Amino acid sequence: MCATETTIGRMKIGDKLLFGAYGVSNDDPHPILWLKGTPNGDFITQDVVDYIAFDARERNSESYSIRNWGNSSYPHSNILSFLNSGNSQWWFATHPNDESPDDNGYALRDRRFGYASHFGFLYHFEDYETSAIVLQEITVGDAAIQALIRLPSFDDILGPERFKLFSKKGVRAHGTSDFFDGRGIRLGFSPESFIEFWLSSPSPQDDGKATIVSRSATFQKQYPYAGSGLRPVCTLRPDTVVELDDNGVFHVKPSELDRKVFTDDELMALLGMARP
């Protein structure tokens, strides 16, 4: 039976899409399940995929709060760089005194929140998947930034213009099975736990803290060098072709040029022929 084809633009709010892959362990990626959040093609992961710091302490910063708790500015954050990298080594300094979120015991509140040695979030995405993501320009405070993958904002989750998805579905999220098996159990979470997750929105008090959606679905603040859940957002091109599987989940359809082709040896083996 042929798979049912449609497009991202024709998917309904709340429809599920398997898109890209991520693993708490670099070498064990798992498909990411996203939910369609808006008619514009905004998607958010169904679950929290990891639990990491927003930003590391910057020991040479002139700012007391940044030296002690990390940088709460989303445009300057480690987490923004991480989400938008497809490289195995994603970290680079984005501003003076910037430091990586490593697990050396100083940079973060708890070394278990470190991810400097983790592959960039986009590392396990196929080329045809990253090409389906719309580069978005978003404004955070007084700064305008461009991103393929982003943290949700307060307005996306809790504001009056929140994603239509959350008009019929709660905003709280569990962790993926990969997260629970790989990091969550060591942090005291169970598969039934709701997990707080980071937002891109600045603290209204400009007090050096980043912001989160709490486990009780309220807007709260957190020190950047502490840990919280990672629940990313992306926007996909509306004309992207998707296929519906037997479980009611959509997948982006690779173009013929994107499909993997046989090597000569594989083709010979398939035909039952030995190479001379």
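What you are looking at is a predicted structure, and each value in this text was computed from that prediction instead of being measured.
For T176 (side chain) and F179 (main-chain N/O), a donor-acceptor pair under 3.5 Å exists by modelled atom type. Checked by atom type and distance alone, the side chain of N87 never pairs as donor or acceptor with a backbone atom of W90 at under 3.5 Å. N247 contributes no side-chain N or O that, together with a main-chain N or O of V249, makes up a donor-acceptor pair within less than 3.5 Å. A donor-acceptor pair under 3.5 Å is absent between the side-chain atoms of N84 and the main chain of A147, judged by distance alone. When atom types are taken as modelled, the side chain of H118 and the backbone of F82 share no donor-acceptor pair closer than 3.5 angstrom.
To the nearest 0.5 angstrom, S228 atom OG is 6.0 Å from Q222 atom CD. Residue S153 holds its OG atom at 9.5 Å from CG of L158, rounded to the nearest 0.5 Å. D181 contributes atom CG, which lies 10.0 Å from atom CZ of R186 (distance to the nearest 0.5 angstrom). Atom CD1 of residue I79 and atom CG of residue D55 lie 9.5 Å apart, to the nearest 0.5 angstrom. Taking CG of L244 as the start and NZ of K16 as the end, the distance is 12.0 Å to the nearest 0.5 Å. With rounding to the nearest 0.5 Å, the separation of OG in S117 from CG in N26 is 6.5 Å.
Across all non-hydrogen atoms, the minimal contact from G20 to E129 is N-OE2, 3.0 Å. Taking both residues in full, the closest heavy atoms of R237 and T240 are given as O-OG1, 2.9 Å, listed atom of the first, atom of the second, then distance. The minimum heavy-atom distance linking V140 with S200 is given by the pair CG1-O, 3.4 Å. In plain terms, the two heavy atoms of P75 and A143 that are nearest each other are CG-CB, 3.7 Å. When all heavy atoms of F219 and P204 are compared, the pair lying nearest together is CE2-CD, 4.0 Å. The heavy-atom pair separating G208 from S65 by the smallest distance is CA-OG, 4.2 Å.
No path of Ile, Leu, Val, Met, Phe, Trp and Tyr side chains, each step under 4.5 Å between heavy atoms, connects I32 with L165, placing them in separate hydrophobic clusters. Hydrophobic clustering (side-chain heavy atoms under 4.5 Å, transitive across Ile, Leu, Val, Met, Phe, Trp, Tyr) groups V49 together with I52. F180 and I195 are assigned to two separate hydrophobic clusters, defined by single-linkage of ILVMFWY side chains at heavy-atom distances under 4.5 Å. Taken together through direct or relayed side-chain contacts under 4.5 Å among Ile, Leu, Val, Met, Phe, Trp and Tyr, L199 and Y51 form part of one hydrophobic cluster. Hydrophobic cluster membership differs between V24 and L33, with clusters built from Ile, Leu, Val, Met, Phe, Trp and Tyr side chains linked at under 4.5 angstrom.
Counting heavy atoms from C-beta outward, L122 and L148 have side chains that approach closer than 4.5 Å. In this structure, the side chains of D156 and F154 stay at 4.5 Å or more apart for every pair of heavy atoms. Considering only heavy atoms from C-beta on, V242 stays 4.5 Å or farther from E5 through its side chain. Looking only at side-chain heavy atoms (C-beta outward), R183 and D50 come within less than 4.5 Å of each other. When side chains are defined from C-beta on, Y74 counts as touching L80, because their heavy atoms get closer than 4.5 Å. Side chains of D47 and R231 form no contact here, defined as non-hydrogen atoms less than 4.5 Å apart. A heavy-atom distance below 4.5 Å is found between the side chains of D42 and F163. Proximity of F250 to M11: side-chain heavy atoms (C-beta onward) are separated by under 4.5 Å at one or more points.
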Apply side chain to side chain contact (heavy atoms under 4.5 Å, CB included) to D239 and T7, showing your working.
-> CA-CA 6 Å; D239 59 351; T7 63; 5.5 Å; no
Side chain to side chain contact (heavy atoms under 4.5 Å, CB included) between I44 and I157, intermediate numbers included | CA-CA 10 Å; I44 186 169; I157 307 295; 3.8 Å; yes
Start with the C-alpha distance between Y225 and F113, add both sets of side-chain angles, then the distance that settles side chain to side chain contact (heavy atoms under 4.5 Å, CB included), and finish with yes or no.
-> CA-CA 8 Å; Y225 81 135; F113 307 150; over 6 Å; no
Go through the steps to decide whether H124 and Y22 satisfy the test side chain to side chain contact (heavy atoms under 4.5 Å, CB included), and finish with yes or no.
-> CA-CA 6 Å; H124 290 294; Y22 179 82; over 6 Å; no
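Salt-bridge formation is detected for the pair K221/D207: a Lys NZ or Arg NE/NH1/NH2 atom is positioned less than 4.0 Å from an Asp or Glu carboxylate oxygen. Ionic pairing of R112 and D110 is present here: one or more N-O contacts between side-chain nitrogen and carboxylate oxygen are shorter than 4.0 angstrom. Between E99 and R59, at least one side-chain N (NZ, or NE/NH1/NH2) sits under 4.0 Å from a carboxylate O, which counts as a salt bridge.
The aromatic rings of F19 and W34 sit perpendicular to each other, their planes meeting at more than 60°, with 30° as the lower class boundary. Ring pair W198/F54 is tilted by interplanar angle, where 30° to 60° counts as tilted.
In this structure, a donor-acceptor pair under 3.5 Å is absent between the side chains of D98 and H76. Between the side chains of R150 and T235, a donor-acceptor pair is found at a separation under 3.5 Å. Between the side chains of N97 and H95, not a single donor N or O lies within less than 3.5 Å of an accepting N or O. Judged by distance alone, the side chains of S61 and S63 never bring a donor and an acceptor atom under 3.5 Å apart. Side-chain atoms of N78 and S81 include no donor-acceptor pair closer than 3.5 Å.
The side-chain tip of R215 does not point at the ring of F194 from less than 6.0 angstrom away and within 45° of straight on. Both tests do not hold together for R109 against Y223: distance to the six-membered ring centre under 6.0 Å, angle to the ring axis within 45°.
Shown here is E62, whose CD atom has no more than 12 heavy atoms of other residues, nucleotides or ligands within 6.0 Å.
Between W69 and Y64, the gap from one ring centroid to the other is short of 6.0 Å.
Applying the side chain to side chain donor-acceptor pair (under 3.5 Å) test to residues at least two apart or on different chains, none of the pairs has a partner in residues 159-174.
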